[in-house]
Amino acid sequence: MEGNHFAKTAYLSKFILRLDRMRISIWVLSLTFFTLIVPSAFKEMYSSQQERDAMAQTMANPAMTAMTGPADLSNYTLGVMTAHQMLLMTAAVAGLMSILLVARHTRADEEDGRLELLRSLPVGRLSYLNAALLVVTAACVGLALLNGIGLYSLGIESMDLEGSLLYGAALGATGLFFAGVTAVFAQLSESSRGAIGYSIAVLLISYLFRAITDVSSDALSWISPLGWVTKAEVYDDNNWWPIVLMIAASIVLYAAANYLNAIRDLGRGFLASKPGKKHASPFLQSPIGLALRLQKTGIISWAIGMYVLGASYGSVLGDLESFFSQNEMLKQLLQQEEGITMVEQFLPMLMIVISLLATIPPLMAMNKLRGEEKKERIVHLLSRSVSRTELLGAYFIISVMNGFVMISLAALGLWSAGTAVVEGGLSFAMIFGAALSYFPAMLVMIGLAVFLIGFLPKFTGFIWMYVLYSFIVLYLGGLFQFSDWIGRISPFGHVPQAPIEEFSIIPLLLLCLVAGVLAAAGFIGFNKRDIEH
Amino acid sequence: MSLLKVTNLTKKFGKFTALDGVNLELDKGEVLGFIGPNGAGKSTTIRVLLGILKSTGGEVKVFNKDAWQDAVDIHKRVAYVPGDVNLWPNLTGGEVIDLFIKLNGTVNKAKREELIGKFDLDPSKKCRAYSKGNRQKVALVAAFSSDADLFILDEPTSGLDPLMEKVFQECVMDVKRQGKSVLLSSHILSEVEKLCDRVSIIRQGKIIESGTLSELRHLTRTQMLVDTMRPITGLNEMQGIHKIEESKQGVTFQVDTMQIDEVIKHISQFGITRLESAPPTLEDLFMRHYEGAKDTGGVR
């Protein structure tokens with residue numbers, strides 16, 4: 001009767017594939033796209049072995065090893081370079097793809113009661129789990145083949161067929177492994193949030209553990225599954241054993257998930273959710289306390305992320321001189337000025353990237369209000385003695401503080417890592433000042449978000465297009481030689497690029513004024529309109 | 001003096017008219033049933049009362065204040081339970097109740113505990129894990145724990161089981177005894193009948209009937225099933241009898257509530273062996289009201 005547990009698995013996997021055909025295609029194709037453009041770009045940027053060796057030199061420090069893993073820097077061909085700088089990160093994203101896809105069709109479907117509906121039909125007890133795993137496995141195999149064949153077809157000398165296929169296989173196998181991890185956590189945890197959370201925690205810990213052990217003790221990094229990816233030494237020694245190990249581990253995890261699924265009741269997990277608080281803390285009992293509580297996890301994660309981002313940029317500042325003398329494309333991006341150090345010249349571009357990224361969390365904090373409105377939850381507050389101004393004000397204050405904290409943490413990360421690697425250290429005031437000069441531009445973005453919430457609530461998503469526009473125009477603007485006015489459409493284009501440009505307070509004050517007017521208008525609009533969903 | 005007075009309220013969404021000249025009145029210590037089919041405009045009216053939607057025309061006064069301008073002031077004395085209670089999945093029921101009570105102003109710990117017990121709610125569970133009925137209980141506990149003067153309840157029992165419905169009815173009777181007022185919207189006539197002093201019926205954005213239930217008796221019919229020892233004769237000739245049908249179990253018919261006495265007297269002559277009656281439903285009432293009239297498009 002064993003077979004009955006798997007009845008209709010094939011049919012269900014077709015069904016899941018039908019549901020997710022766009023989602024899976026987008027994941028696989030965009031991962032492949034990024035894999036394929038990088039070696040082509042490297043070929044342009046580092047055309048001679050001399051340039052590549054110089055690049056290898058800038059990579060020869062613990063910070064870079066922690067970020068990208070080890071590689072044979074004495075044999076830094078285009079292939080080794082691509083694998084060194086891209087494979088680990090891409091593999092981690094492939095892992096994330098598997099986590100989200102598997103959680104969607106295991107615990108999430110179970111939590112929302114869709115699985116119950118399916119299980120009442122003549123399908124096997126384990127069919128849906130295996131159908132989901134089958135689809136994700138197919139996605140991983142597709143990912144492996146597309147990347148492998150794609151890389152080989154680029155026709156780059158140092159990227160042979162075996163290495164290319166191994167590159168693809170490393171991505172696919174990482175995907176399989178994390179599909180297995182998620183399938184197990186989907187049995188253990190009682191909620192899909194929990195399943196995703198635990199699985200991403202495994203991914204992050206694997207990455208961090210590998211980072212630490214790659215620097216301190218190479219042998220220990222065999223414990224981390226992401227360590228296996230770099231151990232494959234793609235385009236160098238082409239070691240297939242880590243891939244075999246990964247597939248074997250995936251099979252064990254798949255089997256464990258099946259076993260756990262078979263012995264548990266529908267809707268239950270092995271990690272019982274512990275009872276929550278019966279009473280609200282005094283902190284929670286106000287609109288602003290509630291808003292903060294709802295965003296707590298997101299704010300903390302972004303804060304850590306911004307610090308790490310700043311620190312990782314800071315860690316490369318020490319090698320700037322050698323890096324830039326070799327890199328034609330980046331040279332073009334930076335304006336050459338006399339009497340200014342490389343670090344100071346590099347800083348404005350770093351700051352644009354950092355400040356634009358640091359604008360994302362405060363905008364999410366602001367748009368959260370619209371999300372709450374759409375889910376009809378702000379009605380609970382507005383039908384009690386909470387005014388609309390108070391409600392919008394709570395989110396506005398959180399958003400502004402959030403922006404300040406995010407950009408400050410990034411600056412702190414940049415300074416603390418940078419001052420350790422740059423000869424003679426860095427001035428904290430200079431870094432912090434350069435970061436803070438972008439704060440008024442962030443305020444304009446927040447002000448615009450408030451304005452949209454007040455007057456055009458259906459178009460609050462527009463703000464993300466504006467962020468993307470700013471990023472493209474200002475980050476890549478130097479490369480494409482855009483005219484000035486194209487950059488000036490973005491508030492970030494009005495910030496004086498200290499320390500290269502002369503600092504002037506007037507544009508910053510004007511930005512603050514614009515932000516204030518937009519926000520004030522938004523408050524008026526929000527007080528006048530219907531609450532809708 | 002009326003606690004709540006809606007005069008000629010209209011609400012348009014774009015070109016679409018959701019409310020078309022609605023009039024409502026609620027006095028102190030009174031329970032007003034606000035009934036109508038789904039999409040008739042009950043929730044829209046309530047949202048205007050709460051200052052969540054802005055009226056297009058007409059006047060809406062609560063505690064003699066303007067529902068839009070003085071919303072915050074008014075809400076200090078109002079408790080509201082929405083029909084669809086959407087809560088924050090990562091907060092527990094207990095946390096949400098405390099938050100709601102605090103935002104309403106008055107904190108009555110003993111009442112909160114008593115109601116959590118009565119409604120049999122586990123406040124330590126995350127809202128994500130609650131069923132529709134349990135989410136409704138969270139909102140009901142928060143509302144009845146507050147010291148409000150006006151309770152606005154929008155189909156509050158749609159997810160409750162009969163036992164909990166009874167607890168709910170006790171809560172309403174309780175606040176009524178304390179001289180507070182309740183606006184209870186529902187699409188179930190029998191529920192409203194038990195609790196309400198007066199009823200206003202809305203359909204397609206218009207109030208079609210208003211008054212005490214006995215005043216509305218002329219609209220209601222009772223469904224009856226009768227079996228007798230001897231065949232009943234002369235039913236067809238009686239006044240206020242409709243839809244007579246013979247079946248295996250006996251005769252079924254509808255009778256105008258005003259004519260019940262006459263009809264019972266008549267059929268009792270034939271030796272009743274079985275008598276079943278069903279209360280009038282909202283649908284019957286509408287059918288009666290609209291006999292012959294045509295529907296004119298759906299309204300939300």
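All values below were derived from every heavy atom in this structure, side-chain atoms included, with hydrogens, water molecules and symmetry-related copies excluded. Within every chain, numbering begins at 1; the chains are lettered A, B, ... in the order of the sequence lines, protein sequences first and strands thereafter.
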Taking non-hydrogen atoms and a cut-off under 4.5 angstrom, which of residues 118-127 of chain B neighbour chain A? Pro123(B), Ser124(B)

Measure distances from Arg529(A) to the heavy atoms of chain B and classify the residue's part below 4.5 Å as side chain, backbone, both or neither. backbone

Validation: residues 53-63 of chain B side-chain donor-acceptor distances under 3.5 Å, sequence neighbours left out:
from	atom 1	to	atom 2	distance (Å)
Thr56(B)	OG1	Lys12(B)	N	2.8

CG on Asp70(B) to OG on Ser387(A), rounded to 0.5 Å: 12.5 Å

If you count heavy atoms of other groups shown closer than 6.0 angstrom to CZ of Arg193(A), is the number above 12? no

Which atoms of Leu284(A) come close to chain B, meaning under 4.5 Å heavy atom to heavy atom: side chain ones, backbone ones, both, or neither? both

By a 4.5 Å heavy-atom criterion (distance strictly below it), what part of Glu372(A) contacts chain B: side chain, backbone, both, or neither? side chain

For Glu116(A), does the CD atom sit with more than 12 other heavy atoms under 6.0 Å from it, leaving out its own atoms? no

Kindly compute the distance separating CD (Glu373(A)) from CD1 (Ile52(B)), expressed to the nearest 0.5 Å. 10.5 Å

Least distance between heavy atoms, Arg388(A) atom then Gly51(B) atom: NH2-O, 2.9 Å

Which answer fits Glu113(B), side chain, backbone, both or neither, if we ask what part of it has an atom under 4.5 Å from a heavy atom of chain A? side chain

What pair of heavy atoms forms the shortest contact from Asp530(A) to Phe13(B), and how long is it? OD2-CE2, 4.0 Å

Got more than 12 heavy atoms from elsewhere within 6.0 Å of CZ, Arg128(B)? yes

Give a yes or no on whether the backbone of Asn86(B) and the side-chain of His380(A) come within a donor-acceptor separation of less than 3.5 Å. yes

Less than 4.5 Å to any heavy atom of chain A: does that hold for the side chain of Arg77(B), its backbone, both, or neither? neither

Other residues, nucleotides and ligands only: do more than 12 of their heavy atoms fall within 6.0 Å of OH on Tyr198(A)? no

Given Leu91(B), Asn90(B), Ile152(B), Ile74(B), the one with more heavy-atom pairs under 4.5 angstrom with chain A than any other is Leu91(B)

For Ser286(A), which atoms come within 4.5 Å of any heavy atom of chain B: side chain, backbone, both, or neither? backbone

If you draw a 6.0 Å radius around CD1 in Ile263(A), do more than 12 non-hydrogen atoms from other residues or ligands fall strictly inside? yes

Point-to-point distance, once rounded to the nearest 0.5 Å, from NZ of Lys375(A) to CH2 of Trp88(B): 12.0 Å

Ion pair present between Arg47(B) and Glu376(A), side-chain N to carboxylate O less than 4.0 angstrom? yes

Are any of the side-chain heavy atoms of Pro282(A) and Lys102(B) separated by less than 4.5 Å? no

Nearest atoms (heavy-atom pairs only) where Val72(B) meets Ser385(A): O-CB, 3.8 Å

Give, as side chain, backbone, both or neither, the part of Ile116(B) having an atom under 4.5 angstrom from any heavy atom of chain A. neither

Note: vs chain B, highest number of non-hydrogen pairs under 4.5 angstrom among Glu111(A), Lys528(A), Glu532(A) is Lys528(A)

Between atom CG of Leu381(A) and atom CG of Leu103(B), what is the distance when rounded to the nearest 0.5 Å? 6.0 Å

Side chain of His75(B), backbone of Val386(A): donor and acceptor closer than 3.5 Å? no

